[in-house]
Amino acid sequence: MVARDLIGAMFLADGAGGVVVETEAYASDDPASHSYRGRTGRNATMFGPAGHLYVYRSYGIHWCANVVCGDDGVGAAVLLRALEPIQGIAEMQARRGLADIALLCSGPGRLCQALGITGEHDGVPLDRPPFELRAAEAPPETISGPRVGISRASERPWRYVLRNSLFVSRPRPLA
DNA sequence: GGCATGATGGCCT
DNA sequence: GGCCATCATGCCA
């Protein structure tokens with residue numbers, strides 16, 4: 001599953017970013033997925049080719065970034081929930097107005113703010129500038145568990161985190 | 001055309 | 001721990 005493969009990958013936006021430590025999968029037949037009720041204006045990107053970025057606004061305030069992983073017309077994506085800051089940390093701290101590294105990218109909205117990702121990045125490919133996505137060199141130790149932050153079908157164990165990472169969005173996400 | 005809701009985060013008590 | 005900001009989307013009338 002792509003959600004697990006993304007754990008440990010290096011994700012950079014314009015030179016700022018780090019290692020993916022938390023993801024959550026959303027399938028097309030998933031009641032919690034934006035693609036569940038079919039293709040609409042907002043989620044059109046989810047139905048596009050894999051390897052692109054799907055960005056949407058949450059609660060009118062925050063941005064959330066997904067990696068499209070289904071093929072054309074499928075409507076599947078993986079939400080990037082947290083990164084471990086590695087590169088461009090000063091830039092991310094400035095954008096977040098926050099010094100604490102552990103909180104820089106520990107959540108979907110925070111991650112987008114730190115990397116400067118907004119709705120204008122919706123639909124852009126991740127394999128060329130300003131973005132860079134590099135798979136993990138060695139399979140990291142991951143844990144899966146129930147998803148969080150949603151009101152439907154949250155019991156599907158499609159949330160993945162890097163074991164013992166201090167940079168995930170919840171203190172004790174999983175055992 | 002109008003209303004309810006959300007894959008969140010920050011600041012309050 | 002609880003409440004609130006703030007708006008695009010989606011569904012209903």
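Naming: A, B, ... by sequence-line order, numbering from 1 per chain. Computed from heavy atoms alone, side chains included, the values below leave out hydrogens, waters and symmetry copies.
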Centre of A/Y26's six-membered ring, under 6.0 Å away, within 45 degrees of the axis: is that where NZ or CZ of A/R147 sits?
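Checked: cation-pi criterion met.
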
Using 30° and 60° as the class boundaries, would you call the ring planes of A/F131 and A/H121 parallel, tilted or perpendicular?
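Perpendicular: the ring planes of A/F131 and A/H121 meet at over 60°.
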
Is the closest side-chain heavy-atom distance between A/L115 and A/L12 below 4.5 Å?
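Of all side-chain heavy-atom pairs linking A/L12 with A/L115, none is under 4.5 Å.
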
If you only use heavy atoms from C-beta on, which nucleotide in B/dG10, B/dA7, C/dT9 is closest to the side chain of A/R110?
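Nearest to the side-chain atoms of A/R110, counting from C-beta on, is B/dG10.
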
Using only heavy-atom distances, determine whether the side chains of A/Q113 and A/R96 contain a donor-acceptor pair under 3.5 Å.
yes

Both distances under 3.5 Å, Watson-Crick or G-U wobble: report the partner of C/dC12, or none.
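Pairing partner, where one exists within any strand: B/dG1.
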
Does B/dG9 have a Watson-Crick or wobble mate here (both distances under 3.5 Å), and if so which one?
C/dC4

What is the distance, to the nearest angstrom, from the [atom1] atom on [X] to the [atom2] atom on [N]?
{"X": "A/I61", "N": "B/dG6", "atom1": "CD1", "atom2": "C1'", "answer": "11 Å"}
{"X": "A/Y36", "N": "C/dT9", "atom1": "OH", "atom2": "P", "answer": "22 Å"}
{"X": "A/E24", "N": "B/dA7", "atom1": "CD", "atom2": "C1'", "answer": "6 Å"}
{"X": "A/N43", "N": "C/dA8", "atom1": "CG", "atom2": "P", "answer": "17 Å"}
{"X": "A/L111", "N": "B/dG9", "atom1": "CG", "atom2": "P", "answer": "9 Å"}
{"X": "A/H34", "N": "C/dC7", "atom1": "NE2", "atom2": "C1'", "answer": "14 Å"}
{"X": "A/R57", "N": "B/dA7", "atom1": "CZ", "atom2": "P", "answer": "15 Å"}
{"X": "A/Q113", "N": "C/dA5", "atom1": "CD", "atom2": "P", "answer": "19 Å"}

Look at A/R37 and C/dC11 and indicate whether a side-chain polar atom (N or O) is within less than 4.0 Å of OP1 or OP2.
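Yes, because at least one side-chain N or O of A/R37 sits under 4.0 Å from OP1 or OP2 of C/dC11.
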
Ring centres within less than 5.5 Å and planes less than 30° apart: is that true of A/Y59 and C/dA5 in this structure?
no

Heavy-atom pair of closest approach, residues A/A136 and A/I7:
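Nearest heavy atoms, A/A136 then A/I7: CB-O, 4.0 Å.
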
Pair of N/O donor and acceptor under 3.5 Å linking C/dA8 base with A/Y56 side chain
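Answer is no: no donor-acceptor pair is held.
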
